[in-house]
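Throughout, a chain's letter reflects where its sequence line sits, starting with A, and its residues are numbered from 1.
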Number of protein chains: 2
Amino acid sequence: MTGPAPIRVVLADDERMVRTALRAILSAEPDLEVVGEAATGAEAVAVVREQRPDVVLMDVRMPEVDGIRATEQILAGLAGPPRIVVVTTFENDSYVYDALRVGAAGFLLKRAEPDALVGAVRLVARSDTLLFPAAVRALAAEHARAGRTPPAWVGRLTGRESEVLRHMAGGLTNAEIARRMGVGAATVKTHVASVLAKTDARDRTQAVIAAYEAGFLRGT
Amino acid sequence: MTGPAPIRVVLADDERMVRTALRAILSAEPDLEVVGEAATGAEAVAVVREQRPDVVLMDVRMPEVDGIRATEQILAGLAGPPRIVVVTTFENDSYVYDALRVGAAGFLLKRAEPDALVGAVRLVARSDTLLFPAAVRALAAEHARAGRTPPAWVGRLTGRESEVLRHMAGGLTNAEIARRMGVGAATVKTHVASVLAKTDARDRTQAVIAAYEAGFLRGT
DNA sequence: ATCCGCCTCCGCCGTGCGGGGGAGTGCCGG
DNA sequence: CCGGCACTCCCCCGCACGGCGGAGGCGGAT
């Protein structure tokens with residue numbers, strides 16, 4: 001039942017006390033083994049390169065090279081890179097996005113229960129699962145807001161009108177749109193007028209704003 | 001050491017075989033207890049209301065009421081709602097965003113290892129941790145793209161110019177901006193001209209586009 | 001003391017833009 | 001068969017817009 005090969009973990013945090021605490025928590029588990037520690041980002045990269053751990057617990061705030069950059073370097077430079085769990089103190093830390101961007105496997109709060117910590121380490125070591133706290137909900141909520149119900153006018157636009165609106169949002173003048181669409185300038189004016197009416201805009205600027213707000217330009 | 005109260009789990013999936021498999025996996029763990037099953041979203045809501053579980057494993061695709069809507073209803077209607085882990089088959093499922101939006105505590109793939117599954121259940125039951133597969137990386141990457149390096153001109157704008165650009169992006173005419181800022185129309189024209197020059201735009205529409213593209217309106 | 005950036009304003013001028021009409025063509029569906 | 005819709009194009013008009021040049025005050029930096 002017990003895997004003979006323990007999960008090898010490296011700790012990266014500038015505060016010695018935090019490292020000690022983490023080590024104490026993880027060492028209590030028979031299937032976890034702390035194989036290295038680092039106090040700076042640069043050190044973390046070196047230790048990981050040397051120890052080849054399965055999981056890295058990486059603090060975001062560290063002198064010289066921060067945890068994000070260190071994560072980036074580790075994942076970029078190694079063949080079989082470890083799973084990196086970014087650790088931070090505050091929930092509304094904007095680092096979550098950075099952590100995700102650079103390919104961190106997870107994101108944990110320092111205030112998390114020890115149980116959650118060891119559980120997280122086991123999880124990222126064994127599967128392609130990411131761990132994220134409530135902050136991610138904010139991200140998702142924002143995304144949901146951006147992709148919310150498109151206004152009714154989007155569906156009412158005819159093919160030509162949509163095309164014209166797209167060109168308007170590209171910053172083209174009526175004459176340029178006419179040239180690109182192979183029609184007369186007067187025709188474009190008609191379409192623009194229709195777009196303005198349907199978007200309830202009084203000028204092309206407001207129409208373009210409406211297009212952006214509605215996420216009308218998705219699919220570029 | 002062992003908590004006497006097991007984690008109560010409800011399974012919601014339209015395929016009987018999946019439910020059986022999940023039940024088998026979870027029942028093998030002494031600290032987990034499957035207290036109910038549901039084959040539709042509506043059923044899931046009813047079962048949860050009755051059983052008050054700690055965790056719900058919710059399939060996204062279900063007849064009548066899908067898992068997302070069911071999650072929404074459960075979290076909206078109950079006082080002490082359970083943690084809901086949304087389960088799906090495919091990784092690039094757009095449901096991740098929906099799951100996050102409606103407040104699901106986690107997101108798991110059916111192809112995940114049994115170990116990961118039980119680990120996930122324990123984790124969401126005990127802590128405020130979210131579980132997400134690689135699909136979230138795409139979300140983050142998109143967010144990173146949207147929040148990429150702001151163009152140089154953003155920093156070059158003076159206070160007044162920024163204010164004017166913000167109003168332009170609000171769809172106001174020069175006269176309206178002048179009124180709102182308590183200055184003369186000529187002054188606004190000057191600022192607009194500066195903005196156009198710095199944003200390399202030839203008209204206000206292009207300037208507004210630049211503002212949107214640069215994420216200049218963040219903080220609204 | 002000097003310079004420079006920012007903010008404030010003033011004119012003039014050309015034009016792209018938007019509002020208001022009208023009008024002809026095809027196509028689809030009742 | 002005819003009405004409705006989308007697409008095409010035309011006219012005129014008023015004006016907000018943007019380009020140009022100029023000017024004065026005010027504060028911080030050198």
Side-chain angles (χ1 to χ4, degrees), chain A residues 150-219, chain B residues 150-214 216-220:
Chain A
W153 59 259
V154 174
R156 301 191 208 284
L157 291 181
T158 69
R160 274 322 224 192
E161 287 163 357
S162 300
E163 219 172 318
V164 168
L165 176 53
R166 230 170 279 276
H167 283 126
M168 285 194 276
L172 303 183
T173 66
N174 288 341
E176 286 168 337
I177 296 173
R179 240 172 288 134
R180 295 223 186 169
M181 288 177 61
V183 298
T187 306
V188 175
K189 285 191 67 174
T190 305
H191 290 316
V192 169
S194 299
V195 169
L196 293 182
K198 291 182 180 177
T199 55
D200 195 28
R202 61 180 173 198
D203 52 49
R204 72 201 293 103
T205 304
Q206 287 192 349
V208 169
I209 293 169
Y212 268 91
E213 303 274 284
F216 182 76
L217 282 64
R218 302 256 191 274
Chain B
W153 58 259
V154 174
R156 300 192 210 285
L157 291 181
T158 68
R160 273 325 221 189
E161 287 164 359
S162 299
E163 217 173 318
V164 168
L165 176 53
R166 228 170 280 276
H167 283 126
M168 284 194 276
L172 302 183
T173 67
N174 288 341
E176 287 168 338
I177 296 173
R179 239 171 289 134
R180 295 222 187 170
M181 288 177 62
V183 297
T187 306
V188 174
K189 287 190 69 174
T190 305
H191 291 315
V192 169
S194 298
V195 169
L196 294 182
K198 291 183 181 177
T199 56
D200 195 29
R202 60 179 174 197
D203 52 48
R204 72 202 291 101
T205 303
Q206 286 192 350
V208 169
I209 293 169
Y212 268 91
E213 303 274 282
F216 182 77
L217 282 63
R218 302 256 191 273
T220 306

Which heavy-atom pair separates [X] from [Y] by the least distance, and what is that distance?
X: A:Gly171; Y: B:Gln206; result: O-NE2, 2.8 Å
X: A:Ala169; Y: B:Ile209; result: O-CD1, 2.9 Å
X: A:Leu165; Y: A:Ala207; result: CD1-O, 3.9 Å
X: A:Val154; Y: A:Ala214; result: CG2-CB, 4.3 Å

Note to self: For residues 193-204 of chain B, which residue pairs pass the salt bridge (Lys or Arg N to Asp or Glu O under 4.0 Å) check, not counting sequence neighbours?
What the structure shows: A:Glu176-B:Arg202, B:Glu161-B:Lys198
Notebook entry, point to check: Can you name the residues that form a side-chain hydrogen bond (donor to acceptor under 3.5 Å, both in side chains) with B:Thr205, not counting sequence neighbours?
Noted result: A:Thr205
Item checked: Reading 5' to 3' through nucleotides 6-18 of chain C, protein heavy-atom contacts under 4.0 Å coded B for base, S for sugar-phosphate only, - for none -> SSBBB------SB
Next item on the list: Find out whether A:Val208 and A:Phe216 are in side-chain contact, i.e. whether some heavy atom of one side chain is under 4.5 Å from a heavy atom of the other.
Entry: no
Which atom pairs, donor and acceptor, lie under 3.5 Å between side-chain atoms of residues 188-196 of chain A and protein residues at least two apart or in another chain?
residue	atom	partner	partner atom	Å
A:Thr190	OG1	A:Ala186	O	3.1
A:Ser194	OG	A:Thr190	O	3.2

Check: How would you give the extent of chain B contacts on DNA chain D, as first and last nucleotide 5' to 3' within a 4.0 Å heavy-atom cut-off?
Finding: D:dC17 to D:dG19
Check: Does the pair B:Glu163 and B:Arg166 meet the rule for a salt bridge (charged side-chain N to carboxylate O under 4.0 Å, His left out), with working shown?
Finding: CA-CA 5 Å; B:Glu163 217 173 318; B:Arg166 228 170 280 276; over 6 Å; no
Next item on the list: With sequence neighbours excluded, tell me which residues meet side-chain contact (heavy atoms from CB on, under 4.5 Å) with A:Ala197.
Entry: none
Checklist line | Dot-bracket line, read 5' to 3' along DNA chain D, where crossing pairs take [ ] and | marks a partner on another strand, Watson-Crick or G-U under 3.5 Å | finding: |.|||||||||||||||||||||||||||.
